[in-house]
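Have a look at the structure below, then the notes.
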Amino acid sequence: MNAATSPWEHHTLPGGLPLRIQHRGGPQVLAARLWIRGGSSADPAGQRGAAQLLAGLLTRGCGPLNAEALADLVEGCGASLRAEAGEDQLAISLQCASEDASELVPLLLAMARQPRLEDDQIDLERQLNLQTLQRQREDPFQLAHDQLRRQLFGEGPYGHDPLGIETELAAIDGASLRPRVRELGLEGAVLVLCGELPPSLVDHLVARLESDPWRTQLPVAQAGPQADPGERLVCVEQDTEQLVLLQGSATVPIGHPDGLALRLLQAHLGLGMSSRLFQTMREQRGLSYDVGVHFPARRGASPFIWHLSTSAERAAEATAAVQEEWQRLLTTPLSEQELALAKAKYCGQDAMGRQTCGQIADRMALVLSHGLPETHVAESLERAAALSAADLLAAARRQLQEPRLSLCGPPPALQAASQVWRAASGFA
């Protein structure tokens, strides 16, 4: 059987951890992904940034290995190891040669269950995250994006960057993080392996957990964080020569019927140089330095965001153009040609997203960690082929009627853009 279509093996490790394996021939490499439900949306009150801080610390020593020993082991094998927190999950990723997999893959279990959390490493990781947050304050796009998060989700679980809030992150210590370690896996986890596996690898994983099982299970589908919409328009002053504009709505979780229609609209509007926004904003009117559409897959309300940067002098014109295009999305169905191109892009993006073992493992871990069936991607491709322009228009009208606008730039540009937006939105 072709490696790309080989079936997934199903295993359950001691304690309940689901293990999914796809064997692929070719280069002797293996990609491993351990996804644990939680992430920054589960940060406790007053500890926003805890999940990302913990994720960074997982690579700074586990079990008998301190930070230096763990780095020496991984780098000595020429492998890549990282851990990071998203809004809905904490993910540990490993890429290694197949011959080293029996030694390295069990490290993922040790990292999740036995992180060392040494005080000096906590201080170092916390300081790096604080420095990143400080640098982000100088980035107009990041400022606008952070503000739009708050406009869409308020102080709710999706209302902050996974890196956290500086004042709260600065106070997080080992005593705050250790209870989080004990909670890892309570809402589910999944381990996905893709590539060429050593014959003994599964036995190594079973042996690692036999004496100390990890009590977890396959994540189940359940409602995630919802929107908490606030102000329609917010401006952030920054002394630059450009205006950054982000306009968006909080929509639906991954797996929702409207989500697929919005995914096709994302392809139509923002995927590639032939996309609608690139053509109208940049090629035809020369209004934008960059333009695109961001639509992440979330367990809860997923933000559907247009982003654009333009010169301060053309702030009003660019804002008017964005409002025209947004209204067009709500009033005018795609043409047959536009719909066919959007579907082709969606299918092509799917094909490009499963070229490597790492991409395949990532996708399966994403699907399973959200409680969806492993056939979700294939079924989505089939459903997409049947969607009509009227279906896309109806979904847009249901989900995108009341967008929020976040602006960042110099005061004159903010004033000009705000006046245009208020006029287009019917506000005085």
Side-chain angles (χ1 to χ4, degrees), residues 35-55 84-91 129 133 142 144-165 168-169 172 176-177 179-180 183-190 216-232 234 246-263 266 293-307 365-372 376 395 398-406:
W35 279 46
I36 305 168
R37 177 172 285 183
S40 63
S41 62
D43 284 342
Q47 296 182 29
R48 287 174 288 184
Q52 181 57 45
L53 178 58
L54 176 59
E84 58 188 353
E87 282 79 3
D88 295 315
Q89 76 287 326
L90 190 154
N129 289 358
L133 286 171
Q142 188 66 46
H145 188 257
D146 287 346
Q147 180 55 57
L148 186 60
R149 282 180 189 268
R150 291 188 287 271
Q151 289 171 256
L152 296 178
F153 301 108
E155 295 298 311
Y158 285 166
H160 66 281
D161 188 289
L163 279 168
I165 305 297
E168 298 180 14
L169 175 59
I172 299 173
S176 306
L177 293 174
R180 294 294 297 271
E183 295 169 359
L184 291 178
L186 291 181
E187 292 191 49
V190 61
T216 188
Q217 68 284 323
L218 188 68
V220 298
Q222 56 185 213
Q226 299 304 302
D228 183 16
E231 295 181 72
R232 295 287 304 278
V234 174
L246 275 77
Q247 180 161 309
S249 294
T251 63
V252 296
I254 183 174
H256 188 283
D258 280 351
L260 185 55
L262 293 175
R263 195 65 64 187
Q266 178 192 27
V293 180
H294 180 56
F295 184 41
R298 296 268 179 85
R299 186 168 63 92
S302 303
F304 187 89
I305 299 171
W306 294 10
H307 56 87
L366 169 70
V367 167
L368 295 178
S369 71
H370 284 80
L372 299 170
H376 172 74
R398 283 191 292 268
Q399 303 300 333
L400 306 175
Q401 284 286 355
E402 295 188 357
R404 268 57 185 167
L405 178 64
S406 175

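- Note: Trp306 CH2 to Gln266 CD = 12.0 Å, rounded to the nearest 0.5 Å.
- We find the CD-OG distance between Gln147 and Ser406 to be 5.5 Å, quoted to the nearest 0.5 Å.
- Interatomic distance, Gln247 CD to Leu148 CG, rounded to the nearest 0.5 Å: 9.0 Å.
- Using a 4.5 Å heavy-atom threshold, the side chains of Leu400 and Leu262 count as touching.
- Summarising the geometry of Ile254 relative to Ala297, their closest heavy-atom pair is CD1-CB, 3.9 Å, with the distance given to 0.1 Å.
- Summarising the geometry of Ala227 relative to Ala250, their closest heavy-atom pair is CB-CB, 3.5 Å, with the distance given to 0.1 Å.
- More than 12 heavy atoms of other residues, nucleotides or ligands shown are found within 6.0 angstrom of CD on Gln222.
- Distance check: Arg299 CZ to Ser41 OG gives 6.0 Å after rounding to the nearest 0.5 Å.
- Of all heavy-atom pairs between Ile165 and His160, the closest is CD1-CB, 4.2 Å.
- Side-chain atoms of His370 and Pro219, non-hydrogen and from C-beta on, never get closer than 4.5 Å to each other.
- Sorted by first and then second residue, the pairs that involve residues 248-258 and meet side chain to side chain donor-acceptor pair (under 3.5 Å), not counting sequence neighbours, are Asp258-Arg398, Asp258-Gln399.
- Residues Ser369 and Arg37 have side chains not in contact (no heavy-atom distance under 4.5 Å, counting atoms from C-beta outward).
- Residue pairs that meet the salt bridge (Lys or Arg N to Asp or Glu O under 4.0 Å) test with at least one member in residues 39-51, sequence neighbours left out, are Asp43-Arg180, Arg48-Glu155, Arg48-Glu168.
- Distance check: Thr216 OG1 to Leu186 CG gives 7.5 Å after rounding to the nearest 0.5 Å.
- Between the CG atom in Leu152 and the CD1 atom in Ile305 there is a gap of 6.0 Å [rounded to 0.5 Å].
- A side-chain contact (heavy atoms from CB on, under 4.5 Å) with Pro229 is found for one member of Glu402, Gln151, Arg404 and no other, namely Arg404.
- Residues Ser40 and Gln52 are not in side-chain contact: their nearest non-hydrogen atoms beyond the backbone lie 4.5 Å or more apart.
- Contact detail for Ser176 and Gln47: the closest heavy-atom pair is CB-OE1, 3.6 Å.
- In this structure, the side chains of Leu163 and Leu169 stay at 4.5 Å or more apart for every pair of heavy atoms.
- Across all non-hydrogen atoms, the minimal contact from Phe295 to Ser302 is CE1-CB, 3.7 Å.
- Residues Leu246 and His294 have side chains not in contact (no heavy-atom distance under 4.5 Å, counting atoms from C-beta outward).
- Contact annotation: the side chain of Asp88 approaches that of Tyr158 to within less than 4.5 Å [non-hydrogen atoms, C-beta and beyond].
- Taking every heavy atom of both residues into account, Phe153 and Ala301 meet most closely at CZ-O, 3.4 Å.
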